Enquirer: 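My questions will all concern the structure given below.
For clarity, every value in this text was computed on a predicted model and none was experimentally measured.
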Amino acid sequence: MNLVTISGPPSSGKTSVILKTIEAIKKRGLSVGVVKFDCLYTDDDILYEKAKVPVKKGLSGSLCPDHYFASNIEEVVRWGKKEKLDLLITESAGLCNRCSPYMKGIKAICVIDNLSGINTPKKIGPMLKTADIIVITKGDIVSQAEREVFASRVNSVNPKAIIIFVNGLTGQGAFELSTLVYDIEASIETVKGRELKFPMPSALCSYCLGETRIGEEYQMGNVRKMKIGDDND
């Protein structure tokens, strides 16, 4: 079974891209399933069910969704093996831009949209910087010049990644992406013992542990203070 990790900012078009790509993959006779990771709410699982794609979803609740992903991916892979999938896609919404769910040796795809802002590629962090493939969406809404400038910004952040444009509505570009996500030589049996590409930052502070009171005397653990002066930090 192949395992692919797809992540990206909220509303970047991840689910639409995945659905169009699965359509192309199924035409090759391959079985595909999806596990959706999110924080508080998602109904994307309904979209996958309507497309007759085996799906599971997990909501991290009060935990970082990428930490939640790393804690559950071993069981997720077991589920994919039990379903006899040829390809298991995990979809994760990066919310804090500090973490990344990518693992070494597992294909990592970041979805980012043209409307997110010209400086967004620099803000996303390891989710974009360590991706193998970067999918840019919503290119039909901006001009050719804007598409080229945005792609150039993405390339400056991660020059090693393959950049591909996909239209989540029409499916344009999805076939090309489908040829990149499945490789029979990349099959795995388990992810036990594999390593993350990027160590997730520790943000263990009083407020992570449930503290609600404001004041230095209540702040313990990993605390970082702004330097308030004449210049911005």
Side-chain angles (χ1 to χ4, degrees), residues 4-25 32 34-48 51 53 55 57-60 64-69 89-102 106-144 146-158 160-178 180-181 197-198:
V4 173
T5 301
I6 297 181
S7 65
S11 302
S12 57
K14 297 183 293 297
T15 302
S16 297
V17 168
I18 292 170
L19 284 168
K20 292 296 183 185
T21 304
I22 287 176
E23 284 181 16
I25 291 172
V32 188
V34 174
V35 176
K36 168 79 179 188
F37 290 91
D38 218 310
C39 189
L40 297 177
Y41 173 82
T42 181
D43 56 5
D44 289 344
D45 52 313
I46 297 173
L47 299 176
Y48 290 118
V53 176
V55 61
K57 76 173 177 181
L59 299 177
S60 63
C64 164
D66 286 337
H67 287 232
Y68 180 73
F69 171 95
I89 297 173
T90 63
E91 178 186 350
S92 178
L95 297 175
C96 67
N97 293 338
R98 296 172 308 147
C99 301
S100 158
Y102 304 148
I106 302 296
K107 196 160 290 178
I109 301 174
C110 180
V111 179
I112 182 172
D113 75 87
N114 268 300
L115 301 179
S116 59
I118 198 69
N119 290 320
T120 296
K122 293 182 178 179
K123 298 178 181 177
I124 291 182
M127 193 166 58
L128 182 71
K129 291 177 179 175
T130 62
D132 301 306
I133 300 171
I134 298 170
V135 175
I136 302 178
T137 60
K138 304 179 185 177
D140 56 321
I141 304 176
V142 298
S143 68
Q144 177 67 25
E146 289 172 312
R147 281 197 297 274
E148 291 178 2
V149 170
F150 190 80
S152 175
R153 292 294 181 99
V154 169
N155 179 258
S156 70
V157 173
N158 185 348
K160 294 182 179 178
I162 297 171
I163 297 176
I164 185 168
F165 297 88
V166 177
N167 186 319
L169 294 178
T170 66
Q172 186 177 12
F175 174 78
E176 288 79 4
L177 179 60
S178 76
L180 299 175
V181 299
K197 283 188 173 182
F198 183 83

Enquirer: Could you walk me through whether Y102 and S7 pass the side-chain hydrogen bond (donor to acceptor under 3.5 Å, both in side chains) check?
Expert: CA-CA 9 Å; Y102 304 148; S7 65; 2.8 Å; yes

Enquirer: Could you report the tightest heavy-atom contact between I118 and R153, atom names first, then the distance?
Expert: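 For I118 versus R153, the nearest heavy atoms are O-NH1, 3.5 Å.
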
Enquirer: After noting the C-alpha distance and the side-chain angles of F69 and T5, does the key distance pass the side-chain contact (heavy atoms from CB on, under 4.5 Å) rule?
Expert: CA-CA 10 Å; F69 171 95; T5 301; 4.0 Å; yes

Enquirer: Quick one: closest heavy-atom pair of N114 and G139, and the distance?
Expert: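 Of all heavy-atom pairs spanning N114 and G139, the closest is ND2-CA, 3.3 Å.
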
Enquirer: Using only atom types and a distance under 3.5 Å, with no angle test, would you say the side chain of K57 pairs donor to acceptor with the backbone of T42?
Expert: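 Yes: the side chain of K57 pairs with the backbone of T42.
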
Enquirer: State, yes or no, whether a side-chain contact exists between H67 and C99 at a heavy-atom distance under 4.5 Å.
Expert: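 With C-beta onward as the side chain, the pair touches.
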
Enquirer: Is a side-chain N or O of T137 found less than 3.5 angstrom from the main chain of S12, in a donor-acceptor match?
Expert: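 Judged by distance alone, yes, a pair lies under 3.5 Å.
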
Enquirer: Roughly how far, to the nearest 0.5 Å, is the CE atom of M127 from the CD1 atom of I6?
Expert: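 Result: 12.5 Å between the selected atoms.
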
Enquirer: Could you tell me whether F175 atom CZ has more than 12 heavy atoms of other residues or ligands within 6.0 Å of it?
Expert: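 Counting other residues, nucleotides and ligands, CZ of F175 stays at 12 neighbours or fewer.
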
Enquirer: Is it the case that the side chain of N158 and the backbone of A131 share a donor-acceptor pair, with hydrogens and angles ignored and the cut-off at 3.5 Å?
Expert: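 Such a contact is found between N158 side chain and A131 backbone.
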
Enquirer: Check N167 against L169 and note the closest heavy-atom contact, atom names and distance.
Expert: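 Heavy-atom minimum between the residues: OD1-N, 2.8 Å.
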
Enquirer: Could you grab the distance from atom OG of S16 to atom CG of L47, nearest 0.5 Å is fine?
Expert: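 Between atom OG of S16 and atom CG of L47 there are 8.0 Å.
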
Enquirer: Counting C-beta onward and ignoring hydrogens, is there a side-chain heavy-atom pair between L59 and Y41 closer than 4.5 Å?
Expert: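 Of all side-chain heavy-atom pairs linking Y41 with L59, none is under 4.5 Å.
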
Enquirer: Within a reach of under 6.0 Å around CD of Q172, are more than 12 heavy atoms found that belong to other residues, nucleotides or ligands?
Expert: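 Atom CD in Q172 is not crowded, with 12 or fewer foreign heavy atoms closer than 6.0 Å.
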
Enquirer: Looking only at atom types and distance, does a side-chain atom of T120 sit under 3.5 Å from a main-chain N or O of S116, one as donor and one as acceptor?
Expert: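 A pair under 3.5 Å: yes.
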
Enquirer: Using only atom types and a distance under 3.5 Å, with no angle test, would you say the side chain of D113 pairs donor to acceptor with the backbone of K138?
Expert: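 No, the answer is negative, given that no donor and acceptor are paired below the 3.5 Å cut-off.
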
Enquirer: Looking at every heavy atom in both K14 and P9, which two are closest together, and how far apart are they?
Expert: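 What the structure gives for the nearest pair is NZ-O, 3.0 Å.
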
Enquirer: Rounded at 0.5 Å granularity, tell me how far CD1 in I18 sits from CD in E91.
Expert: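 Going from the CD1 atom of I18 to the CD atom of E91 covers 4.0 Å.
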
Enquirer: Where is the tightest heavy-atom contact between P121 and V154, given as atom of each residue plus distance?
Expert: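 Closest approach of P121 to V154: CG-CG2, 3.9 Å.
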
Enquirer: Hey, is the main chain of A108 close enough, under 3.5 Å, to the side chain of D132 for a donor-acceptor pair?
Expert: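 Looks like yes, one N/O pair under 3.5 Å.
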
Enquirer: Taking all non-hydrogen atoms of both residues, which atom of V111 and which atom of G13 are closest, and how far apart?
Expert: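 Heavy atoms of V111 and G13 come nearest at CG1-C, 4.2 Å.
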
Enquirer: Starting from the C-alpha separation in whole Å, work towards a yes-or-no answer on side-chain contact (heavy atoms from CB on, under 4.5 Å) for I136 and I112.
Expert: CA-CA 5 Å; I136 302 178; I112 182 172; 4.2 Å; yes

Enquirer: Please answer whether the main-chain N or O of V142 pairs with a side-chain N or O of R147 as donor and acceptor at a distance below 3.5 Å.
Expert: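 Side chain of R147 to backbone of V142: a pair is present.
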
Enquirer: Evaluate the side-chain proximity of V34 to I22: yes if any heavy-atom separation is below 4.5 Å, no if none is.
Expert: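 I22 reaches V34 side chain to side chain.
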
Enquirer: Would you confirm whether D43, through its side chain, and I46, through its main-chain N or O, come within 3.5 Å as a donor-acceptor pair?
Expert: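 The answer is no, because no donor-acceptor pair under 3.5 Å joins these two groups.
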
